[in-house]
Amino acid sequence: MFFGPNEFDADEMGYAMSRLETESGVGSSSVSHRSSEHLAGLDQEINQITKLKSSPHQRYSRVVPGRHELPVSTVRMLAGRESNFSGRGGRFSAADRCHMLSRYLPVKGPWLVDQMNSRAYVSQFSTDGSLFIAGFQGSHIRIYNVDKGWKVQKDILAKSLRWTVTDTSLSPDQRNLVYASMSPIVHIVDVGSGTTESHANVTEIHDGLDFSADEDGGYSFGIFSVKFSTDGRELVAGSSDDSIYVYDLEANRVSLRTVAHTSDVNTVCFADESGNLILSGGDDNLCKVWDRRCFIGRDKPAGVLVGHLEGVTFIDSRGDGRYFISNGKDQTIKLWDIRKMSSTPPAKHEVHINYEWDYRWMDYPPEARDLKHPFDQSVSTYKGHSVLRTLIRCYFSPLHSTGQKYIYTGSNDSSVYIYDLVSGDKVAVLKHHSSPVRDCNWHPHYPTLISSSWDGDLVIWEFPGSGEAPIMSKKRVRRRHLYY
């Protein structure tokens, strides 16, 4: 069961939060020292924006004089609301709600949602949180109805699958789902049809969208990443032929192709709702910004951001057209400000290394862990998780419930890591799985997180005030371990 902002038991939440603060080492000298170092290098604008979106009204912190620096408790927030401290007629502002909900992390559980006999590669909530999509290597994509106890609404058997389902994307109106694999053909499925079992071209037609061109001469490439535009009219894709594609769904053709990187383009996304800015990351270690309104020249980006020492596996935009994060095979997440980009990479931006390794089957060399890029343009760097074996994904926490106060990521060590965006502290590590966690996703409105792994498990982490299991399962998953 999900709980709204006013449905939690204050004592239960207060106790659990106190336990979280204690066990995560908040207040210890080592954490304070690390936080101070991180804050010293953090861009003050993103620091201030995050605080404005997740800090309570200043009058709540003035209830007890001289204690401005202490976190404002849930009980104090509720008492202040009833006394109309903020002058809002007894209502919380969006920042007030984020302050309360962001303190209660989805760390209880996990409980089993589903268990498959193949590796999970994709796990995503719909924009409104009513649906959840999971993609597996064994050709299956399942769409779960979250509001109906995680009932399987659509069980899709993919067509012409090469290697695995590399990515999926749900249209903004939630009517269509596209899925990609190591093929230039992206398939589209009608989510709203009444058929639960959707077997490609058997029970339903999965139309193919061909991203290849006649001049390719039959060359076959794979698509690592695909995303709907916010208006649902276009798809943007990143491919193994070093290119970015934009597909016009109304015209049913590729409207743009640009050779974006000198190696695989592992990840693409739109930077904001306008659809004009596209972000990309590749195995050439670079993040690039593409402005469709003013292409300077063919295959030339609006800007380049340097800082990763190894390939970029995933990019997530903050949605404001300025900030985004990237996961890298150098075992780091980096926070970027688009305004700091350069028109071209520095002449000697490639760092020469004295080791050879392949992230698909080798551990990251110990001698490389402390290396730093001499021209690093990132705003901040987050370390602790492991980016090996597969293109592991990272995200900002939800805007509406946390004010994007956190960054979270899967990890090769079978865990989910949650970092504080501003301090850089590792605030929680969720351990259950026995294989790499490639993807995980936080519900857009509630303290609920789903993790999926190569072990085939799809599990739910929550912060239920009552401590009860979610309604779709009363059985807690075995192998459950949780560390902060």
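Remember, predicted model here, so these are calculated numbers, not experimental data.
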Checklist entry - So, does S123 use its side chain to make a donor-acceptor pair with the main chain of A134 at under 3.5 Å? => result no

Checklist entry - Parallel, tilted or perpendicular: which describes the rings of Y179 and H206, with under 30° parallel and over 60° perpendicular? => result perpendicular

Checklist outcome for this item: Residues at least two apart in sequence or cross-chain that pass salt bridge (Lys or Arg N to Asp or Glu O under 4.0 Å) with R162, listed by chain then number, are none

Checklist entry - Is D320 salt-bridged to R318, cutoff N-O under 4.0 Å? => result yes

Item to check | side chain to side chain donor-acceptor pair (under 3.5 Å) evaluation trace for N327 with H385 | outcome: CA-CA 10 Å; N327 229 349; H385 60 295; 2.9 Å; yes

Next on the checklist: So L157 and E197, do their side chains get closer than 4.5 Å, heavy atoms only?
Outcome noted: no

Next on the checklist: Centre-to-centre under 6.0 Å for Y408 and W442, is that the case here?
Outcome noted: yes

Next on the checklist: Using the rule given for side chain to side chain donor-acceptor pair (under 3.5 Å), can you reason through Y247 versus R257, listing the C-alpha separation, both sets of side-chain angles and the distance that settles it, and then say yes or no?
Outcome noted: CA-CA 9 Å; Y247 195 97; R257 181 209 173 190; over 6 Å; no

Next on the checklist: For Y144 and F132, take the angle between the two ring planes, folded into 0 to 90°, and tell me which bin it lands in: parallel under 30, tilted 30 to 60, perpendicular over 60.
Outcome noted: tilted

Checklist entry - Does the side-chain contact (heavy atoms from CB on, under 4.5 Å) test come out yes or no for K154 and V191, once each step is laid out? => result CA-CA 7 Å; K154 202 83 169 174; V191 174; 5.5 Å; no

Item to check | Heavy-atom donor-acceptor pair, D210 side chain to I185 backbone, under 3.5 Å | outcome: no

Next on the checklist: Between D155 and H140, is the side-chain contact (heavy atoms from CB on, under 4.5 Å) condition met? List the steps.
Outcome noted: CA-CA 7 Å; D155 192 359; H140 271 92; 3.1 Å; yes

Checklist entry - Would you call L421 and K405 a side-chain contact if the rule is heavy atoms closer than 4.5 Å? => result no

Item to check | Minimum side-chain heavy-atom gap S130-Q174 below 4.5 Å | outcome: yes

Item to check | S451 side chain reached by V459 side chain, heavy atoms, under 4.5 Å | outcome: yes

Checklist entry - Quick one: does S401's side chain get under 4.5 Å of Y446's, heavy atoms only? => result no

Checklist entry - Would you say the side chain of I338 lies within less than 4.5 Å of the side chain of L279, judging by non-hydrogen atoms? => result yes

Next on the checklist: Tell me if a side-chain donor or acceptor on H308 pairs with a main-chain N or O of E310 at a distance below 3.5 Å.
Outcome noted: no

Checklist entry - Does a side-chain heavy-atom distance below 4.5 Å link I392 with V437? => result no

Next on the checklist: To check you understand the geometry: which heavy-atom pair defines the closest contact between E234 and D248, and what is its length?
Outcome noted: CG-CA, 4.5 Å

Next on the checklist: Does E273 form a side chain to side chain donor-acceptor pair (under 3.5 Å) with T230? I'd like the steps, not just the answer.
Outcome noted: CA-CA 6 Å; E273 293 185 355; T230 53; 5.7 Å; no

Checklist entry - Could D283 and K329 be called an ion pair, given the rule that one side-chain N must be under 4.0 Å from one carboxylate O? => result yes

Next on the checklist: Using 30° and 60° as the class boundaries, would you call the ring planes of H432 and W461 parallel, tilted or perpendicular?
Outcome noted: perpendicular

Next on the checklist: Could you check whether any side-chain heavy atom of L335 comes within less than 4.5 Å of a side-chain heavy atom of Y382, counting everything from C-beta outward?
Outcome noted: yes

Checklist entry - Sub-3.5 Å donor-acceptor pair from the side chain of T267 to the main-chain atoms of G281, do we have one? => result no

Checklist entry - Are R389 and D358 within salt-bridge range, i.e. N to O under 4.0 Å? => result no

Item to check | Criterion side-chain contact (heavy atoms from CB on, under 4.5 Å) on F270 and L277, from CA distance to verdict | outcome: CA-CA 6 Å; F270 289 101; L277 291 180; over 6 Å; no

Checklist entry - Does D167 come within less than 4.0 Å of K227, counting only side-chain N to carboxylate O? => result yes

